[in-house]
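Each chain gets a letter, A, B and so on, in the order the sequences are listed, and its residues count up from 1. Scope of the values below: all heavy atoms of this structure, side chains included, with no hydrogens, waters or symmetry mates.
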Amino acid sequence: MNKSELIRTLAEKNNIPMDYATIVVNTFFQSIKDAMIQGDRVEIRGFGSFKVKDYQGYKGRNPKTGQSVNVQPKRLPFFRPGKELKDHLNEDI
Amino acid sequence: MSRTLTKAEIVDTIYEQVDRSRGEVKNLVESLLSIMKSAVKRDHALLVSGFGKFEAYPKKARKGRNPQTSETITLDPRKVVVFRLSKKFRNEINPQ
């Protein structure tokens, strides 16, 4: 499923106009993004939580050529699925 | 200490943009989450452009050990979810 299908399903299930469903879905993901860009944690009960990890830069090597490269510091978000999501996925298996 | 964004705050942010009741917006967010959960389960993937992808993949059963009693136990096969962020989001979170 992709974002436009997500919007359409939300609109159909709840009998709401597409443009309203679009605002709900876009604002939902935008809020999560904005928080993580600021370095904040995000907790969505029932679904999961996100946190941002900071990685320091380091001197790495290109394993193919052996050439040494500088790896820039970076930030990466991590997602931890919530209990409800895990249980939902593992029902009836 | 970083702060934590919660579901209630996301509901408020949406509520401020639409001419609807907060209760209705809250129900819509719950509905959205349940659609997302079903999608991850049914399609094994949920793709949100500009954000990232939630992927479900199966793990095989394996032998584990209770570290407290060192008893050997069998861990059942299960499905796990991973999040891969989109290129756009990666660039937004790492401004150069």
Side-chain angles (χ1 to χ4, degrees), chain A residues 1-14 16 19-21 23-52 55 72-82 84-93, chain B residues 2-20 24-25 27-54 56 58 76-86 88-90 92-96:
Chain A
M1 190 180 255
N2 60 30
K3 194 163 85 177
S4 53
E5 289 162 337
L6 198 58
I7 292 170
R8 189 159 25 83
T9 313
L10 183 71
E12 280 168 9
K13 272 201 159 175
N14 297 279
I16 57 167
D19 56 349
Y20 181 19
I23 294 176
V24 172
V25 172
N26 282 338
T27 310
F28 178 83
F29 289 109
Q30 193 59 50
S31 316
I32 297 177
K33 268 173 80 165
D34 289 345
M36 285 201 279
I37 288 167
Q38 283 177 49
D40 292 345
R41 235 178 70 87
V42 179
E43 191 175 317
I44 314 289
R45 276 288 152 90
F47 191 76
S49 60
F50 293 92
K51 76 174 179 193
V52 184
Y55 290 87
Q72 296 298 314
K74 63 188 166 191
R75 302 168 94 186
L76 289 178
F78 270 83
F79 174 68
R80 228 185 125 219
E84 272 183 49
L85 176 60
K86 284 197 233 170
D87 290 349
H88 182 72
L89 277 177
N90 289 297
E91 258 167 22
D92 56 67
I93 60 162
Chain B
S2 80
R3 41 163 274 115
T4 300
L5 177 74
T6 61
K7 196 154 62 182
E9 286 169 81
I10 298 176
V11 169
D12 283 344
T13 308
I14 299 170
Y15 166 71
E16 282 159 19
Q17 291 185 49
V18 293
D19 197 18
R20 303 282 191 146
E24 183 189 282
V25 173
N27 290 339
L28 287 175
V29 169
E30 293 298 345
S31 170
L32 173 64
L33 289 168
S34 114
I35 296 166
M36 286 167 63
K37 276 188 275 194
S38 308
V40 174
K41 183 172 185 171
R42 194 194 60 196
D43 310 335
H44 310 295
L46 169 67
L47 194 103
V48 185
S49 61
F51 187 77
K53 187 158 88 170
F54 296 94
D76 292 333
R78 65 202 161 98
K79 285 187 187 136
V80 293
V81 189
V82 290
F83 172 69
R84 299 188 199 285
L85 82 166
S86 77
K88 182 163 177 272
F89 190 8
R90 185 189 297 265
E92 284 170 345
I93 208 166
N94 289 297
Q96 291 305 322

Counting only pairs under 3.5 Å, give me each side-chain donor-acceptor contact of residues 28-36 of chain B, with atom names and distances, residues two or more places apart or in other chains.
{"residue": "B:E30", "atom": "OE2", "partner": "B:K7", "partner atom": "NZ", "Å": "3.0"}
{"residue": "B:S31", "atom": "OG", "partner": "A:N14", "partner atom": "ND2", "Å": "2.9"}

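- Taking A:F78, A:F29, A:F79, A:F50 one by one and counting their heavy-atom pairs under 4.5 Å with chain B, the maximum is reached by A:F29.
- Atom CG in B:L46 sits 8.5 Å away from atom CG in A:N2 (nearest 0.5 Å).
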Determine, stepwise, if the pair A:K86 / B:R78 fulfils side-chain contact (heavy atoms from CB on, under 4.5 Å). CA-CA 9 Å; A:K86 284 197 233 170; B:R78 65 202 161 98; 6.0 Å; no
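- In this structure, CG in B:N94 is found 8.5 Å from NZ in A:K74, a value given to the nearest 0.5 Å.
- Here the shortest heavy-atom pairing between A:F28 and B:I14 reads N-CD1, 4.3 Å.
- More than 12 heavy atoms of other residues, nucleotides or ligands sit less than 6.0 Å from atom CZ of B:R20.
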Just do the side-chain contact (heavy atoms from CB on, under 4.5 Å) check on A:L89 and B:K37 with the steps written out, would you? CA-CA 8 Å; A:L89 277 177; B:K37 276 188 275 194; over 6 Å; no
Could you pull out every donor-acceptor pair under 3.5 Å between side chains of residues 30-37 of chain A and any protein atom, sequence neighbours left out?
{"residue": "A:Q30", "atom": "NE2", "partner": "A:D34", "partner atom": "OD1", "Å": "2.9"}
{"residue": "A:S31", "atom": "OG", "partner": "A:T27", "partner atom": "O", "Å": "2.6"}
{"residue": "A:K33", "atom": "NZ", "partner": "B:G50", "partner atom": "O", "Å": "2.7"}
{"residue": "A:K33", "atom": "NZ", "partner": "B:E92", "partner atom": "OE1", "Å": "2.8"}

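- The shortest side-chain heavy-atom distance between A:N90 and B:D76 does not fall under the 4.5 Å cut-off.
- Interface residue B:V18: only side-chain heavy atoms are found under 4.5 Å from chain A.
- Contacts of B:A56 with chain A are made by side-chain atoms alone, with heavy-atom separations under 4.5 Å and no backbone atom involved.
- Atom NZ of A:K3 is surrounded by more than 12 heavy atoms from other residues, nucleotides or ligands within 6.0 Å.
- When the shell of 6.0 Å around NZ of B:K41 is examined, it contains more than 12 heavy atoms from other residues, nucleotides or ligands.
- Note that CZ of B:R42 is 5.0 Å distant from CE of A:M1, once rounded to the nearest 0.5 Å.
- The side-chain heavy atoms of A:Q38 and B:R3, taken from C-beta on, include no pair separated by under 4.5 Å.
- Of the listed residues A:V52, A:L85, A:I7, the one with more heavy-atom pairs under 4.5 angstrom with chain B than any other is A:L85.
- Using a distance-only test at 3.5 Å, with no hydrogens or angles considered, no donor-acceptor pair links the side chain of A:D40 to the main chain of B:L5.
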Begin from the C-alpha positions of A:F47 and B:F54 and carry the test ring-ring contact (aromatic ring centres under 6.0 Å, His included) through to its verdict. CA-CA 11 Å; A:F47 191 76; B:F54 296 94; 5.3 Å; yes
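- Taken to the nearest 0.5 Å, the CZ atom of B:F51 stands 12.0 Å off from the CG atom of A:N26.
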